[in-house]
Amino acid sequence: MAKPNIPQGTRDFGPEVVRKRQYIFNTIKSVFELYGFQPLETPAMENLDTLMGKYGEEGDKLIFKILNNGLDNPAKHQQAKEDFEKVLQGKNTKGITERALKYDLTIPFARYVAMNHGQLTFPFKRYQVQPVWRADRPQKGRYREFYQCDADVVGSNSLINEVEFVNIYHQAFIKLGLTNYDLRINSRKILSALSELCGGADKMTDITIAIDKLDKIGLDKVKEELSQRGLNGDQISIIENYLNINGSNEEKLTQIKTLLANSGTGKKGIEEIEYVLTSSTQNSNPQTVNLSIDFTLARGLNYYTGIIFEAKAPAEVKIGSIGGGGRYDDLTGLFGVPNVPGAGISFGVDRIYDVLEELKLFPETVAQGTKALFFNLGLEESKTAFRLLQQVRQEGIAAEIFHEQAKMDKQFKYAEKKNIPYVVIIGSKEIEEKICAVKDLQKGEQQKIPFEELATFLSK
RNA sequence: GUGAUUGUAGCUCAGCUGGUUAGAGCAUCAGAUUGUGGUUCUGAGGGUCGCCGGUUCGAACCCGGUCAGUCACCCCA
């Protein structure tokens, strides 16, 4: 038997890890609920048609495809071979694969809305926490199976939604202890106005891909890349002016207004950012949101049409993006149901986990499962212990008894490893006096508690 | 898809220019310690050095291949 193994880029989550992950999930979910979002789940797999062509050329390559069943049916050999030839040429064919693992939660959601738009009440606000799969090469902060935590609202054009999303990000990050999160905002309308200024809307993808890298590779390399992507000197210098915009949010707005003065789309984008910026900073409490304008922000997914967001981890952990989102005006249009505008955000839970771990931000209580371990000191003793144990459980306190009579040394070690804060010792002496010795392992202190007061004591 | 790098005990790693029975720390188990753990001391178990092949009198070490992991680029959470 070969050594057991799991596929590249996937992980098992042990008990402590699951506890910590659930802490993150629950924190974010509770904020979603607070803002009126409802839960939704969709299948792990979708029809390949549903997913293909929605994430750009690169995205399509990263979709995990599922091999059809029944390919070994002799009657279909000839067809299967012909279809496979097509696959070798880089084409997709239903003969070989017609289903795939979902790549994100947004497109399946759009599919759900398109399928059920007759029954849904709009605006429809849903949140969804499920794994997604990408056939990417794993590396730091990057997995082939990872969880997304999305909230979207469809059926509303109002910018109030964007403002709410800013506050959701803020509130969730604060609850998680990530006070110095970094939330950026931009608008696809501004990027589109810039592209028009530089030779046409078809250049938008090239431009956004290049300027998105400004942080990482610097201005000179960005200019180089723009030139490689077919932009001329005049166009590049416009972009250079655009990239040189800096200062506070207000200063950036002033500068962009001058640059895009002649563009209707641009003006619209600027107004929207201004609105979201002022509304979300006014309404926020207990502290101000860290929302800053970043005109280099592009977002890879090309279905965004308005405001876009990106949340970054504090710079010192070097993990990068921990969330993102934005407005998409016609996502369900891809599925034949036009005029359903939407906006949404996503939290990258796996990366948030890494950030919290690195910054030691998990509360200690997260690691705790069992609250008290009852020592097993013999057959008679354990009968009393078991009776008390059940009483304690009746009060909703997680407790367990050591599985066999053993040296105290061993039982202490078990409690310590399982992070159990209290041990309850009941021996012959204690039974006689109807008290138990309760030891607080962290403090190392021990006290005598009468049997009938044990549950109350532990529930504190 | 492109490039780099690593693979030795359950874990983290050492192992000199190839030389005989491959080491350490942590962890595990037992004892010092018959109802009070985390400290200390003593002892024990555990490895066909990722796999296949080559060079050599001799390979954990050199060479080729292969598999797996990690990191970076592309792209992205």
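The chains referred to below are lettered A, B, ... by the order of the sequence lines, with proteins before strands, and numbering in each begins at 1.
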| query | Is R137(A) side chain donor-acceptor paired with the C76(B) base, going by distance under 3.5 Å alone? | reply | no

Sequence neighbours excluded, the answer for ring-ring contact (aromatic ring centres under 6.0 Å, His included) partners of F32(A) is Y127(A), F347(A)

message = Between A77(B) and F146(A), is there a base-stacking contact, meaning the centre of the base's six-membered ring lies under 5.5 Å from the residue's ring centre while the planes stay under 30° apart?
response = yes

In numerical order, the residues of residues 398-412 of chain A whose heavy atoms come under 4.0 Å of RNA chain B are K407(A), M408(A), D409(A), F412(A)

Point to revise | Short side-chain N/O contact from Q139(A) to OP1 or OP2 of A72(B), under 4.0 Å | key: yes

Q) Quick one: does V424(A)'s side chain get under 4.5 Å of L388(A)'s, heavy atoms only? A) no

Would one find a side-chain N or O of K417(A) under 4.0 angstrom from OP1 or OP2 of U28(B)? yes

The side-chain hydrogen bond (donor to acceptor under 3.5 Å, both in side chains) partners of E400(A) (sequence neighbours excluded) come to T370(A), Y414(A), K418(A)

Sorted by position of nearest nucleotide on RNA chain B, 5' first, the leading residue of G348(A) and D440(A) is D440(A)

Requested in this report: Could you measure between the two C1' atoms, the one in U40(B) and the one in C57(B), and give it in whole Å?
Outcome: 50 Å

Open item on the list: Any base atoms under 4.0 Å from E430(A), or only sugar-phosphate, or nothing? Heavy atoms, all strands.
Closed with: base

In numerical order, the residues of residues 37-48 of chain A whose heavy atoms come under 4.0 Å of RNA chain B are none

Residues pairing under side chain to side chain donor-acceptor pair (under 3.5 Å) where one sits in residues 440-450 of chain A, two or more places apart or in two chains, turn out to be none

Ordered by number, residues from residues 321-330 of chain A within less than 4.0 Å of RNA chain B (heavy atoms) are S321(A), I322(A), G323(A)

ask   = Going by the angle between their ring planes, with limits at 30° and 60°, are F412(A) and F375(A) parallel, tilted or perpendicular?
value = perpendicular

**Inter-nucleotide P distance (A30(B), C62(B)), Å rounded** = 42 Å

Comparing K213(A) with L377(A), nearest RNA chain B nucleotide closer to 5' gives the residue L377(A)

